[in-house]
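Computation of the quantities below employed the complete heavy-atom set of this structure, encompassing side-chain atoms and omitting hydrogens, waters and symmetry-equivalent molecules. In what follows, chains are A, B, ... by sequence order, proteins preceding strands, each numbered from 1.
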Amino acid sequence: MHDQVAFLAFVTLAAVLEQAYFSMQVIWARRKYKVSPPSTSGHPCFERVFRAQLNCSEYFSLFISVLWVSGLFFHQGTSSVFGLLYLYTRYAYFHGYAESAQGRLKPMYASATILWILIGLSTAGLLDYLLSAYFRVEILKSLGRWFL
Amino acid sequence: MHDQVAFLAFVTLAAVLEQAYFSMQVIWARRKYKVSPPSTSGHPCFERVFRAQLNCSEYFSLFISVLWVSGLFFHQGTSSVFGLLYLYTRYAYFHGYAESAQGRLKPMYASATILWILIGLSTAGLLDYLLSAYFRVEILKSLGRWFL
Amino acid sequence: MHDQVAFLAFVTLAAVLEQAYFSMQVIWARRKYKVSPPSTSGHPCFERVFRAQLNCSEYFSLFISVLWVSGLFFHQGTSSVFGLLYLYTRYAYFHGYAESAQGRLKPMYASATILWILIGLSTAGLLDYLLSAYFRVEILKSLGRWFL
């Protein structure tokens, strides 16, 4: 089983490290702008860092879910590459948002696009699996024969 | 391994799509009620949509966790059916909450009930597995022999 | 496959139950301090309970991710024990935070430490697997031979 998921596990670990980095940025912003817990409002710069982290955190489990579904049912390598790209766009999003609300937009669209690609790969992989398992229709294999 | 998790992966994908739909509702509510990020307060209608999405998002990973544990250790089909029911109650919750704070209550109780059922199935499945693996006591099999 | 993940699934189930307990505490705090949804601000005691639950909820998916990666690639038993310790420190964090912002600090550091240990175990396990699978270098096995 390990060889089917090693790269997915690697991207998952990288995603956790990225979230840990974002959380530390919030702690530093709390100190810099003197916003003591449990308060979450104050200087706009703090609020942007706080919202950026919260947004990445909300999307974390969605990302991990489609990463694994597409990795298990479509193709592990492809999913892992898009997974790493996603983490890069999230990094750009976080720092863009920390600078200005405007700065978050471009990487936000990029990260959403990659998430939709992973959703698409998951759907393709799952449909292909279910069709071939229950109806003996093998779409991806036939497509592969045409193109490769 | 794929046949043990295909339906769980399918429900997971549906859950991700539902969360994506909720996120888009928040973006539309931000535009409609003119609440620019990073702010999260403003018109009560926006605040309700925002809170509804945040609440669904918080429960997302709890739901996915018990879906997979009950699916792997109790029964994949049963867990997947309750998983789809859960997604339906979350949809009702989101739109109920968007209309009024009162409107969230009934589907909230329904979704909580299904989550508890999945927790119950997970507990039953895990206990049965651990007892049969370490103490050679096979509860579910014996029950099955009585009822089926 | 079940024997590779049964204990991880058990700790996951315990983590879900803990989050359910935290959520109920927020509902009770809402009633006690009369803070009706969608509002999330009011009496500082309510705000602390609310923030404590939100923080635990944010870390939930990070925790589950490293629990499973370290459990699959390092050692299931070791990861499960650290997983249970993590849940204990989160319990202490929640009740510490509910009493005072100061009270959250000690268990927060403890829970962060355990999370870093799980990240370390995941990294060690994954590196060892990838090195042995692609470069036939077996670090953990050799270390084991020296120490055991």
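To the nearest 0.5 angstrom, C:L126 atom CG is 10.0 Å from A:F7 atom CZ. Here OG1 of C:T78 is found 10.0 Å from CG of C:L118. Values are rounded to the nearest 0.5 Å. Atom-to-atom distance recorded for A:Y88:OH and A:I114:CD1 is 10.5 Å, nearest 0.5 angstrom. Rounded to the nearest 0.5 Å, atoms CG (C:L130) and NE2 (A:H2) are 11.0 Å apart. Rounded to the nearest 0.5 Å, atoms CD1 (A:I117) and CZ (A:F82) are 4.5 Å apart.
Using a 4.5 Å cut-off between heavy atoms, C:S41 makes no contact with chain A at all. Both the backbone and the side chain of C:I119 come within contact range of chain A, with heavy atoms under 4.5 Å apart.
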Side chains of residues 92-110 of chain C: which donor-acceptor pairs under 3.5 Å do they make with residues two or more places apart or in other chains?
unit_1 : atom_1 : unit_2 : atom_2 : d
C:H95  : NE2    : C:Y21  : OH     : 2.9
C:S100 : OG     : C:G103 : N      : 2.9
C:R104 : NH1    : C:A101 : O      : 2.7

side-chain contact (heavy atoms from CB on, under 4.5 Å) between A:Q76 and A:L8, worked out: CA-CA 7 Å; A:Q76 191 187 187; A:L8 304 176; 3.7 Å; yes
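For residues 45-75 of chain C, a heavy-atom distance under 4.5 Å to chain A picks out C:E47, C:R48, C:R51, C:E58, C:Y59, C:S61, C:L62, C:S65, C:V66, C:V69, C:L72, C:F73, given by residue number.
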